[in-house]
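Comments concern the structure below.
These figures come from a predicted structure and were not determined experimentally. In what follows, every chain begins at residue 1, and chains take the letters A, B, ... in the order their sequences are listed.
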Amino acid sequence: MDAILELRNVSKQFPTHRAVDRVSLAIPRGAFFSLLGPSGCGKTTTLRMVAGFETPTEGEVWLSGQRIDHLPPYQRNVNTVFQSYALFPHLTVRGNVEFGLRRKSVNDIEAKVREVLNQVSLTGKESRKPTELSGGERQRVALARSLVLAPDVLLLDEPLSALDPQLRKHVRAELKDLQRRIGVTFLFVTHDQEEALSLSDGIAVMRNGAVEQTGTPQDLYQRPATKFVATFLGAMNWIGDLGIRPESVHIAARAPSGTPSRSAHVTGIVYLGAYVHVEARLESGESITAQVAPGDHTFFPGDAVQIWWSPADELRFPA
Amino acid sequence: MTAPVRRVFLTPAILLMITTFAVPMIIVGVYSFMSRGAYGGVTPPFTLENYTRLFDPLYGVILLRSFWIAGISTALCVLLGFPLALFIAQSGSRKNLYLSLVILPFWTSFLIRTYAWMFLLRDTGLINTILQSLHLIGAPLPMLYNDGAVILGLVYGYLPFMVLPLFATLERLDPSLLEAAADLGARPLETLWRVTIPLAAPGVRAGAILTFVPCLGTYLTSDLLGGSKTILVGNLVQNQFTTSRDWPFGAAASLVLMAVAILLMFAARRKGEDLL
């Protein structure tokens with residue numbers, strides 16, 4: 001697949017610390033690609049170097065076959081949806097959406113604005129000011145303002161974090177749907193692993209300024225390359241360097257005969273609605289969590305149980 | 001705080017406002033409807049004549065000149081103050097240093113600073129002396145005792161009142177808005193024109209009121225730097241209470257000036273916005 005956006009050994013050195021350390025990425029045209037990592041991992045700085053708000057100390061940024069790392073933001077065909085949305089408070093919805101069009105002196109501004117507002121379901125709110133909109137509507141204005149310029153890549157800096165949790169899941173689905181319909185490449189920054197897993201075609205997990213692993217959500221979840229990736233995406237039980245996902249752990253009063261199992265006793269039950277986490281302590285001392293269906297759950301703290309798993313589900317990370 | 005406690009703490013300020021602001025205003029108001037006494041002061045009967053006299057074209061010209069000079073000075077304060085305030089707002093850790101430099105002149109009396117300008121500008125002043133000794137000019141440049149000198153003095157004196165509210169507005173400006181403008185294709189000058197300046201408008205309005213109103217009523221600057229040629233409303237009022245000894249007319253003129261200033265402030269106010 002041809003890469004629309006490519007980062008080649010990009011680093012950013014700030015006076016006090018190295019925010020980004022030799023990051024290389026190739027993002028395919030039309031992909032929904034996420035930069036995932038804890039706060040301070042360099043994902044936002046990476047995004048800002050693509051947008052042009054920061055200049056890489058080393059390395060190159062290529063967009064549609066053109067090197068862009070020396071260009072100012074207003075000469076790059078990428079647009080950003082800011083974490084705070086950064087809508088212009090003195091302009092209406094229409095004014096915000098037209099902002100970039102006027103500069104490009106597009107003839108049929110009117111038609112373009114109408115089309116993009118329709119795409120993000122904001123028709124009829126053209127003359128509202130940002131303060132008169134809900135959080136979700138503001139986010140859609142921010143999207144519309146960028147999308148109307150038909151960027152090669154749309155950069156999104158934690159665009160869902162300002163929304164309340166109820167709305168977030170809904171908007172997440174809308175965002176994915178929108179990206180599929182218009183086919184624009186998304187580069188999406190988030191610290192929320194669930195968000196990244198559910199939205200992305202590809203994910204780069206970042207840690208301390210460097211890319212830890214790149215792959216599809218399935219790759220990262222099922223075949224994490226490092227202990228960090230394994231822990232950061234989804235829950236993980238650790239027995240030394242051996243990792244087992246809670247959903248791979250089986251638990252019963254007695255294991256089927258012939259199955260190698262370990263003895264444990266139940267220490268706690270966490271009811272999570274769709275499933276139950278049974279927490280147990282192995283005889284060897286480690287804590288382990290097993291995920292069971294609510295109907296299968298007959299455990300109480302103190303119960304003696306047996307725990308086992310398929311060797312195929314084991315993840316090993318030599319120290 | 002409960003209402004009685006609040007009242008206790010407010011009382012000194014209220015008393016001060018009543019005795020030093022409300023009562024004198026009422027006295028000025030009453031005086032403006034009375035007749036002049038022989039040696040200053042006022043006597044009965046009550047009359048409207050002090051106000052009708054203000055319609056004399058002679059005073060109209062003075063009022064217009066005052067507006068003109070105050071307007072020019074305010075405009076120059078905006079033009080000089082905006083870049084300065086923007087620079088200070090964007091200078092990070094040096095902000096406080098620059099702000100204190102803006103306020104530094106207040107540590108000396110305004111009168112003394114105005115005299116300092118006279119020493120600089122007059123025919124035998126520092127500037128003309130230096131220029132002449134360098135043989136750059138023959139005769140001294142007439143820099144003092146004209147409208148230009150008055151405007152210079154006003155801009156110098158009131159620039160901080162423009163810079164401070166502008167700084168306060170520009171400092172609060174969300175930097176991501178400027179990034180967003182660049183991101184959407186605006187070059188720096190376009191961002192300034194389409195984002196920074198519109199969002200600084202409340203600061204410009206506040207600063208304009210804070211400079212225009214005192215410029216309109218100035219008498220010290222026009223008296224010292226404008227000489228006898230520049231009579232402004234402030235000087236007119238001052239003269240009535242000193243050399244002309246026509247207190248009622250001076251009171252009427254000062255009230256009209258105040259009314260005009262208040263009307264202007266309301267006109268400058270946008271719908272739904274607070275004054276200043």
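- What you find for B:S176 and A:S84 is that their closest heavy atoms are OG-OG, 3.7 Å.
- Scanning both residues, B:L184 and A:F88, for their nearest heavy atoms gives CD1-CE1, 3.9 Å.
- Crowding of B:Y59 atom OH: a count of heavy atoms from other residues, nucleotides or ligands under 6.0 Å exceeding 12.
- Residues passing the salt bridge (charged side-chain N to carboxylate O under 4.0 Å, His left out) test with A:R18 are A:D21, A:E58, sequence neighbours excluded.
- To the nearest 0.5 Å, atoms CZ (B:R194) and NE2 (A:H90) are separated by 8.0 Å.
- The shortest distance between side-chain heavy atoms of B:P198 and A:L91 does not fall below 4.5 Å.
- A 6.0 Å sphere centred on CZ of B:F106 holds more than 12 heavy atoms belonging to other residues, nucleotides or ligands.
- Among all heavy-atom pairs drawn from A:F99 and B:A186, the shortest one is CE2-CB, 3.9 Å.
- In this structure, no portion of A:L155 lies under 4.5 Å from any heavy atom of chain B.
- Other residues, nucleotides and ligands contribute only 12 or fewer heavy atoms inside 6.0 Å of the CE atom of B:M17.
- Within residues 136-145 of chain A, the residues having any heavy atom under 4.5 Å from a heavy atom of chain B are, by residue number, A:R145.
- Heavy atoms closer than 4.5 Å to chain B are found nowhere in A:Q83, neither backbone nor side chain.
- Within the structure, every pair that satisfies the salt bridge (charged side-chain N to carboxylate O under 4.0 Å, His left out) test and touches residues 59-74 of chain A, not counting sequence neighbours, is listed here: A:R8-A:E60, A:E60-A:R67, A:R67-A:D69.
- For the atom pair OH (A:Y74) and CD (B:E190), the distance works out to 10.5 Å, reported to the nearest 0.5 Å.
- More than 12 non-hydrogen atoms from other residues, nucleotides or ligands lie less than 6.0 angstrom from CZ of B:R113.
- Pairs passing the salt bridge (charged side-chain N to carboxylate O under 4.0 Å, His left out) check and including a residue from residues 157-184 of chain B, sequence neighbours excluded, read A:R48-B:E179, B:K95-B:E171.
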